[in-house]
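Have a look at the structure below before the remarks.
Quick note on labels: first sequence line is chain A, next is B, and so on, each numbered from 1.
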Amino acid sequence: MKIICSDPPYLFPEYVEQLKSLGVFVYEEFPKDKEELIKRCKEAEVLIVDPMTKMYFPDVLSQCPDLTAIITTSIGTDHIDVNYCKESNIKVINFPGYNAVSVAEHTFTLLLSLVRQLVPYSDKVRSGVWNNSGYKTFDLNGKVLGIMGAGSIAREIARIAVNGFNMKVNSFTRNPNSERAKDLGINKFLSLEELLKTSDIIVAALPHTNETNHILNSQNIATLRPSAIIVNVGRGGVIDTEALADALLSKKIAGAALDVIENEPFDLNNASDKIKSMFKLENVIITPHLAGSSHDANINLNKQLIEVVKKLLN
Amino acid sequence: MLDKLDQKIINYLRDKGEVTLAKAVSDMDVVKSTLFYKLENLVKLGLVRKRIFSKRTVVYILEERGKLELFIKNHTEKLNDLLFQKKINFKNKPSLVFVDAYILPERYIKILSKNFDVKYFSTAESYIDSAKFVSRAKDADIVVCFSSTSLDKETLDKCRNLKYIISPTLDVSYIDLEWCEVKGIKVLHLSDENSYKRNARREFVFAALLSLLRPIKYSSERLKFGGEFVYDDIQSFELGGKKVGVVGVKREGSMIIPVLKLFGCEVLASTTASSNVEPFDVGLKKFVSVKEIIEQADIVIFPEELEVKMDISKFLNNRLKPDFLLFLTHSVTYDVKKLKKLLDRKVLLGVFIDYYPDLFGIFKNFTKSKYKEIINLENVIITPEIGFYTKEAMERNYDQTYKIIQSLNF
């Protein structure tokens, strides 16, 4: 079976060696363009791909007559035309949930760092200002957490929020039912409108689809409580960044912590003035899409990938 | 202040009447020396009486006051009142001075002003030197001090009118309590049992811990200053699966252990001899020594005040096991230069400091103090003692402090 790693795999060196020892051909640089990608892929029966190369669409895949499966080292599959693959009997294998724990922990890292103002107060000390008077914050205990999403990440976040911090957790999803709510460990499912109105903290853990594009926008952000905080660990396109910036700059909400943002890889130098101003705020934290990429989550992914390849070879 | 073991002893004496130490040890299953010191302390406080029949036969009996205490054990301010036998009668409105940045909200001040001559300083600082304290407190009958300065013998001697010190804190180690006893100054503080900051401190431990494991500060600031949106060079770790050492389980330690386990951590914990927390109280099979914790844990947290101060400098060498250290207590000292060396060599991957053992002397010039060695390192987060402070914690604090002050109104 010809298995080709058409992108340099985001794996630890020992796992790359394991792949090679299983007979997988591994490219060590990203393809420069579509033509090069096609050259790499055309003889493959199985491809191992990285979500950074957003070119696995019909114009490339149709040039791979022997292709039976694509393994992507990610949860998301928006870099692959999944419908085309379905029609062409090409199996798409991803790793949902491999980093749910990592993302959930990062959610609380963002939330607690923001709420407890670690960054600005640490900076004050560094600049020689030793003063904790004027410091204002609140307990998470007893607060209402609204999670947009009901997958493995939402489950993990709910578990920690309810059992670790005594928060009340509601969720919004396309397919709510009471059994699912119980399984998720939440209080109940709400409509998006109700969730936004009743939550102290909103966590967005949704994939980016046509349906969820800008699901948080200027209209519904305006219904949030002035003390509300938004955390996004799903996908950037779920939130209209300009609308978010408006709300933060006009103090309509209390803060935001983003691990994802529209138009990644995000370049502040090319952002609008409004977004640049938003990032100057002390009550805004941004991290570069690293929620799911803890050392431990990556080890987990590496192991799972090797297992999948071994299964395919057998 | 009476802790759970004291109250357990009082309950026991109420049920049994007269007991010898040996009988009490056998019935209560408490270490003999611990029980002895507890009983002697209760005698000193006037809650228990001691009768000596012969050199070998000493019996302990609950005093009437001790019986009274059972009825009001949850009321901090009244308990404090009981502990100090002499009530002071003020001829005029007693002078009540808030000497530092801690001031009760207006709604409390309004009520207190009916019975007290209240003074406060709206530009008050979090930390003040002795001279400033004296200038503000020298004529006061009662001061409210939020551990903003060291109340040593010299400072106390200059406050000739002083009859009460009210500390809206759990820890009063900044006050020379023995000298207060000599001078007849009563010290009243908040109770451990209904700790006003229990949620605030517990949550702060996790804010600190997670922000070390995932370099939020560094990665966020880098992006905000126009840095690249990449994470390949950012090393972050999950908390789950780590071995976490917790030094002290009397207060914050016991609160964080269940949450650490929820995150999937293996927990090692140590306790002091006088703590009456049992391992099973916090879901552990046994307690271990601090040395064992430092030799085995990936992360070590010092989350609470300890009865005996500790210096961990001897452990700070190249063989140090933990990757992360969190100092959230005044009770632990360490050689900052050694810490720096370990951070530079990546033997230590991160340090978080919110409480400082020696802050009074250095707060004005913190950046020029010994901490200057590490203050600007990327993998060090230093905050100005904010771990206890949330809106809800302070509401509880204000309420409890107000009740203590009101109880002086006689």
Side-chain angles (χ1 to χ4, degrees), chain A residues 10 99 101-102 105-106 108-119 121-142 159-160 163-166 257 261 264-269 276 279-280 284-291 293-297, chain B residues 101 124-127 198-200 202-204 206-208 210-211 213-217 219-232 234-241 258-259 262-264 359 363-368 371 375-376 381-387 389-393:
Chain A
Y10 189 63
N99 62 3
V101 168
S102 185
E105 283 191 16
H106 195 75
F108 283 95
T109 311
L110 288 170
L111 176 54
L112 285 164
S113 295
L114 183 66
V115 166
R116 302 311 287 267
Q117 300 171 59
L118 297 186
V119 175
Y121 272 81
S122 177
D123 282 342
K124 279 187 202 328
V125 173
R126 283 185 176 187
S127 63
V129 174
W130 185 277
N131 200 346
N132 57 19
S133 62
Y135 177 70
K136 287 185 191 344
T137 183
F138 56 86
D139 290 343
L140 293 187
N141 184 73
R159 187 181 72 88
I160 296 172
N163 299 302
F165 298 106
N166 194 34
I261 192 164
E264 287 178 23
F266 176 72
D267 184 354
L268 187 66
N269 300 311
K276 280 181 184 164
F279 282 122
K280 288 188 180 145
V284 173
I285 292 179
I286 177 166
T287 51
H289 206 140
L290 59 80
S293 62
S294 70
H295 181 84
D296 311 88
Chain B
E125 305 88 328
S126 303
Y127 296 100
R198 56 189 178 274
N199 296 320
R202 185 184 68 230
E203 291 171 18
F204 189 81
F206 289 93
L210 290 169
S211 68
L213 291 172
R214 289 166 183 261
I216 290 280
K217 184 169 166 21
S219 56
S220 182
E221 286 182 336
R222 191 171 82 169
L223 275 177
K224 284 186 166 194
F225 283 103
E228 268 192 279
F229 195 90
V230 292
Y231 55 74
D232 303 38
I234 297 174
Q235 196 178 38
S236 70
F237 300 90
E238 282 176 26
L239 179 53
V259 188
L262 187 75
F263 272 97
L359 188 60
F363 79 91
K364 269 194 171 161
N365 285 303
F366 189 81
T367 50
K368 291 181 184 161
Y371 295 97
I375 202 172
N376 287 313
I381 304 179
I382 287 186
T383 49
E385 299 210 354
I386 55 176
Y389 200 112
T390 63
K391 177 170 170 278
E392 293 84 354

Which heavy atom in [X] sits nearest to a heavy atom in [Y], and how many Å separate them?
X: B/Ile234; Y: A/Pro288; value: CD1-CG, 3.9 Å
X: A/Ile286; Y: B/Phe229; value: CD1-CE1, 4.3 Å
X: B/Gly226; Y: A/Leu268; value: N-CD2, 3.8 Å
X: A/Glu105; Y: B/Leu239; value: OE1-N, 2.6 Å

Residue among B/Glu221, B/Lys217, B/Lys391 with most heavy-atom pairs under 4.5 Å to chain A
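With the most close heavy-atom pairs to chain A, the winner is B/Lys217.
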Keeping the roles fixed (side chain from [X], backbone from [Y]), state whether a donor-acceptor pair exists under 3.5 Å.
X: B/Glu203; Y: A/Phe165; answer: no
X: A/Arg116; Y: B/Thr390; answer: no
X: B/Glu238; Y: A/Ser294; answer: no

What do the steps show when you test B/Ile386 against A/Gln117 for side chain to side chain contact (heavy atoms under 4.5 Å, CB included), and what is the final call?
CA-CA 9 Å; B/Ile386 55 176; A/Gln117 300 171 59; 5.7 Å; no
Tell me, please, which residues at least two apart from B/Ile375 pass side-chain contact (heavy atoms from CB on, under 4.5 Å).
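Checked B/Ile375 against side-chain contact (heavy atoms from CB on, under 4.5 Å); matches are A/Val125, A/Arg126, B/Phe366, B/Thr367, B/Ile382.
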Roughly how far, to the nearest 0.5 Å, is the CG atom of A/Leu118 from the CD1 atom of B/Ile216?
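Result: 9.0 Å between the selected atoms.
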With rounding to the nearest 0.5 angstrom, report the CG to CG distance, B/Leu223 to A/Asp267.
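Rounded to the nearest 0.5 Å, the CG-CG separation comes to 10.0 Å.
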Interface moiety of B/Tyr371 toward chain A, non-hydrogen atoms closer than 4.5 Å
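Neither part; nothing is under 4.5 Å.
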